[in-house]
J.: 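This is the structure, below, for whatever I ask next.
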Amino acid sequence: MVKDLKLENDLVTGSIDLLFHNSINNIKITIDDESGNIKNIEQIQSIINNISNVFEDFNLDMLLLSIAKEVNEACYEQSDYQPTESDDYELANDLKITDIHAYKKDMVIITYSPSFLPDMDISCQIIYKNKKMENLEINDK
């Protein structure tokens, strides 16, 4: 699942093909065991196994919809406008996954919305153990 692995500067980079928006998308992945001392790819095999386990039966379209709902709530919380289900689906369909940062216990999936929030990165943390979204952050690029 994770492929094209390269070890450089104590980090491993590669890519992963993921299904969302009805197509396979090749996403950049960076793996960091947080030791600052990765000497070989075998050293991070457990992280690779965790990544594969999460994406084995993970519905990325549902994750993107969850992200969209939270983003819409945050964007309109000080407004009288209440985002609709249609708003959530429109944003979810616009979200693009740009890369993934994988660590020992979790991974962070980075997304952006070219139509609605082109100057922002939206990141969400996925815990390997429960395969749930824990934290969502919206940051300037």
Side-chain angles (χ1 to χ4, degrees), residues 1-79 81-141:
M1 177 166 259
V2 180
K3 60 186 181 180
D4 304 323
L5 295 173
K6 295 178 186 112
L7 173 59
E8 192 176 327
N9 300 325
D10 294 317
L11 293 176
V12 175
T13 58
S15 65
I16 185 169
D17 290 332
L18 298 174
L19 175 65
F20 60 95
H21 299 323
N22 295 317
S23 65
I24 301 291
N25 299 270
N26 186 264
I27 308 300
K28 178 185 165 200
I29 189 164
T30 303
I31 303 169
D32 180 358
D33 73 352
E34 302 169 80
S35 72
N37 193 27
I38 299 175
K39 297 296 179 205
N40 58 58
I41 292 176
E42 291 76 32
Q43 187 176 335
I44 56 151
Q45 190 58 51
S46 64
I47 297 173
I48 294 169
N49 292 343
N50 284 334
I51 295 164
S52 296
N53 183 41
V54 165
F55 289 123
E56 188 172 276
D57 60 354
F58 200 73
N59 186 329
L60 280 171
D61 287 312
M62 291 305 295
L63 174 68
L64 294 174
L65 181 58
S66 295
I67 291 170
K69 286 179 181 180
E70 285 200 34
V71 169
N72 278 335
E73 285 177 18
C75 288
Y76 292 107
E77 74 181 343
Q78 296 191 10
S79 164
Y81 182 74
Q82 292 295 315
T84 64
E85 188 175 312
S86 176
D87 294 328
D88 295 337
Y89 277 100
E90 188 175 8
L91 177 57
N93 289 328
D94 192 56
L95 288 173
K96 310 292 183 222
I97 298 174
T98 59
D99 56 302
I100 298 170
H101 299 271
Y103 306 97
K104 283 184 178 182
K105 297 183 189 277
D106 62 7
M107 72 174 84
V108 177
I109 298 175
I110 311 295
T111 67
Y112 85 107
S113 168
S115 300
F116 300 105
L117 298 166
D119 298 331
M120 308 294 253
D121 281 329
I122 304 161
S123 62
C124 72
Q125 177 187 23
I126 305 292
I127 306 298
Y128 298 132
K129 188 175 182 178
N130 62 14
K131 299 182 185 182
K132 301 266 190 227
M133 180 172 66
E134 292 288 322
N135 296 313
L136 184 81
E137 293 183 10
I138 304 170
N139 298 300
D140 291 331
K141 281 189 174 186

J.: Using the side chain to side chain contact (heavy atoms under 4.5 Å, CB included) rule, pick out the option among Val108, Ile110, Leu63 that qualifies with Cys124.
T.: Leu63

J.: Verify the neighbour count for atom CD of Glu34: are there more than 12 heavy atoms of other residues, nucleotides or ligands below 6.0 Å?
T.: yes

J.: If we check side chain to side chain contact (heavy atoms under 4.5 Å, CB included) with Ile31, which of these qualifies: Ile38, Ile47, Thr13?
T.: Ile47

J.: Do Asp87 and Tyr76 pair up side chain to side chain, a donor and an acceptor below 3.5 Å, judged on atom types alone?
T.: no

J.: Are Asp32 and Lys104 ion-paired here, with the side-chain N under 4.0 Å from a carboxylate O?
T.: no

J.: More than 12 non-hydrogen atoms from neighbouring residues, nucleotides or ligands closer than 6.0 Å to NZ on Lys69, yes or no?
T.: no

J.: Do Lys105's NZ or CZ and the ring of Tyr128 fall within the cation-pi criteria of under 6.0 Å and 45°?
T.: no

J.: With respect to Gln125, which candidate in Ile109, Leu136, Asp106 satisfies the side chain to side chain contact (heavy atoms under 4.5 Å, CB included) definition?
T.: Asp106

J.: Taking Ser113 as the fixed residue, which of Leu91, Asn93, Val71 is the one that meets the side chain to side chain contact (heavy atoms under 4.5 Å, CB included) rule?
T.: Leu91

J.: How many angstroms lie between CD1 in Ile29 and NZ in Lys3, if you round to the nearest 0.5 Å?
T.: 12.0 Å

J.: Around atom CD of Glu85, are there more than 12 heavy atoms from other residues, nucleotides or ligands closer than 6.0 Å?
T.: no

J.: For Lys141, does the NZ atom have more than 12 heavy-atom neighbours from other residues, nucleotides or ligands under 6.0 Å away?
T.: yes

J.: Does Asn40 CG have over 12 foreign heavy atoms under 6.0 Å away?
T.: yes

J.: Under 4.0 Å between a side-chain nitrogen and a carboxylate oxygen: does that hold for Lys131 and Asp57?
T.: yes

J.: Kindly assign one of parallel, tilted or perpendicular to the pair His101 and Tyr103, based on the angle between their ring planes and the thresholds 30° and 60°.
T.: parallel

J.: Answer with yes or no whether the side chains of Asp33 and Ser35 bring together a donor and an acceptor at under 3.5 Å.
T.: yes

J.: Classify the side-chain pair Asp121/Asn139 by whether it contains a donor and acceptor separated by less than 3.5 Å.
T.: no

